[in-house]
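Throughout, a chain's letter reflects where its sequence line sits, starting with A, and its residues are numbered from 1.
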Number of protein chains: 2
Amino acid sequence: MGESTAAQPLSSSIGDYVKIIWELAGSGAASTTEIAARLSVAPASLTKMLGRLQELGLVSYERYRGASLTERGRAEALRSVRRHRLIETFLLEHLGYSWQDVHEEAERLEHAVSDNFTERLAEFLGHPARDPHGAPIPGADGVLAAEDSFPLGEVMAGGRVHVTRVHNEEAPVLAYLGERGLVPGRSLEVKEVRELDGVVTVEDEEGVSHSLGGPLARSIFVRLLS
Amino acid sequence: MGESTAAQPLSSSIGDYVKIIWELAGSGAASTTEIAARLSVAPASLTKMLGRLQELGLVSYERYRGASLTERGRAEALRSVRRHRLIETFLLEHLGYSWQDVHEEAERLEHAVSDNFTERLAEFLGHPARDPHGAPIPGADGVLAAEDSFPLGEVMAGGRVHVTRVHNEEAPVLAYLGERGLVPGRSLEVKEVRELDGVVTVEDEEGVSHSLGGPLARSIFVRLLS
DNA sequence: GTCTATTTTTAGCCTTAGCTAAATCACAAG
DNA sequence: CTTGTGATTTAGCTAAGGCTAAAAATAGAC
Ligand SMILES: [Mn+2]
Ligand SMILES: [Mn+2]
Ligand SMILES: [Mn+2]
Ligand SMILES: [Mn+2]
């Protein structure tokens, strides 16, 4: 009944392609140029790789029509994401990495660790539910908790919120937010959401207020406090 | 004065070639077939790779004459060995790996971690001097402690010794020794060293005696107790 | 509906790191 | 010295992953 042979681990290139397609496509399809830009690779390289990924049964792809993950592709993506997020958690909590540096190191390590390592690390870390950026960590069974928070820009002025996640990987952005304590776990009061330019002004627990441009406000996810 | 450009990290293949040449050549030169066998690679692949390693300034190599490391090659080898041994220590002490399983995982991870990771890990581990097999861990400055122990087979009968190192990477061998407690840190009394076949008989602290064949006895390194 | 701008693909090339088979060298035995 | 054998190298091939330049398809603007 087995349909494949020994399930040789995917190369790190393939792992990254699948992961990016998962991030980009969600349940739909991702475009060639979009994926290429995220991976800093020429669009032509994408076309070739999408063919290979299809042969491997990881994506379903039709010329000029974009790519989406197969069930198996989605499973592989979630395994990569689990490894990545557990590693980031370890780097921050035990090796003293700063918030903005964990991603780059995890991006390499995620391709080198075995499933055995991953599960032992999860155990060592106490099976965390979220990574340092507040992103949910998929379970070993491939289940990813549904996101129940929403971008800061969608809150009405006056609302009190709890930061759950910062959905951004750029180190300078993370450094900026980290310095100001705008990190998961923080409580904020939304003072103003300006229609005009999307700038959001919030006040933190110490009464300090912060202005955040539209894109930045969209990358900070929050939950309303009762 | 700088002679090289950005010092892009070496590929994992190159890292392994350099490390094996270091292990095999010591201060002399290693032969093509010897290196090839250790890396499970065809001899022809070696010849090609030795050319590349020479161009990279890592080995000095003359056709039909074997290869030896340059000063830079030796430095790279020691950096790899440091990473490898620190990772093994982490796997055993914190992730609950068994003695015989750490090597394989470290063999992959050693190519994925940055210098920053390595030094933070060393700090986390408390700057251990030896890995789980008792091998000395090179310093961040590239200094490797001189080995002051010697193989069990060279001890005279009646001598009391302290096991410092097990110089063997085969998992079944390590499992066998581990089960019997013949690991670094143990004290033993040498009962007999048989000229005939090199078999060494030792007695451990609990009075249990163990017979070890020549090759095995040669891979257990000890120091004489006062 | 047609046309143009933007995507996307194709074609052809490159490097790394392997392989096999065939040629060549070194060395030890005679 | 000559020669045979084992070690080593050369030649030629392969696959993965990239790239650039040119061709083709799609989609949006008119
Ligand atoms: Mn990340
Ligand atoms: Mn990655
Ligand atoms: Mn090892
Ligand atoms: Mn290795």
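- D/dT9 atom C1' lies 15 Å from atom CD of B/Gln54, rounded to whole Å.
- Taking only side-chain atoms of A/Ala42, from C-beta outward, the nucleotide of D/dC19, D/dA7, C/dT9 with the closest atom is D/dC19.
- Contact annotation: B/Thr32 side-chain N/O to D/dT9 OP1/OP2 distance is under 4.0 Å.
- Rounded to a whole Å, the CD1 atom of A/Ile14 is 8 Å from the C1' atom of D/dA16.
- In this structure, the nucleotide among D/dG18, D/dT9, C/dG18 sitting nearest to the side chain of B/Ser13 is C/dG18.
- A centroid separation of less than 6.0 Å is found between the aromatic rings of A/His103 and A/His84.
- In this structure, A/Tyr61 does not reach the C/dT8 phosphate: none of its side-chain N or O atoms is under 4.0 Å from OP1 or OP2.
- Comparing C/dC25, C/dT7, D/dG18 against the side chain of B/Tyr64 picks out C/dC25 as the nearest.
- Counting non-hydrogen atoms under 4.0 angstrom, B/Thr47 reaches a base of the nucleic acid.
- Here the side chain of B/Lys48 is nearest to one of D/dC13, D/dT8, C/dC13, namely D/dC13.
- Spacing between atom CD of B/Glu34 and atom C1' of D/dT8 amounts to 14 Å, rounded to whole angstrom units.
- The aromatic ring centres of B/Phe124 and B/Phe117 sit 6.0 Å or more apart.
- In this entry the distance linking CD of A/Glu62 with P of C/dT9 reads 11 Å, nearest Å.
- No salt bridge links A/Glu123 with A/Arg120; every basic N to acidic carboxylate O contact stays at or beyond 4.0 Å.
- Rounded to an integer number of Å, the gap from CZ of A/Arg63 to P of D/dA24 is 12 Å.
- Distance A/Met49 CE to D/dC19 C1': 14 Å, rounded to the nearest Å.
- Residue A/Ser40 is the one, among A/Ser40 and A/Arg65, whose nearest nucleotide of DNA chain D lies closer to the 5' end (criterion: closest heavy atom).
- Electrostatic pairing of A/Glu154 and A/Arg218 does not count as a salt bridge here, judged by no charged N lying under 4.0 Å from a carboxylate O.
- Across all strands shown, A/Ser45 has heavy atoms under 4.0 Å from base atoms, whether or not it also approaches the sugar-phosphate.
- Put simply, CG on B/Leu50 is 7 Å from P on D/dT9, counting in whole angstrom units.
- Following rounding to the nearest Å, B/Leu46 (CG) and D/dA7 (P) show an atom-to-atom distance of 14 Å.
- Contact check on B/Glu23 versus B/Arg38 returns a salt bridge, with a Lys/Arg side-chain nitrogen under 4.0 Å from an Asp/Glu carboxylate oxygen.
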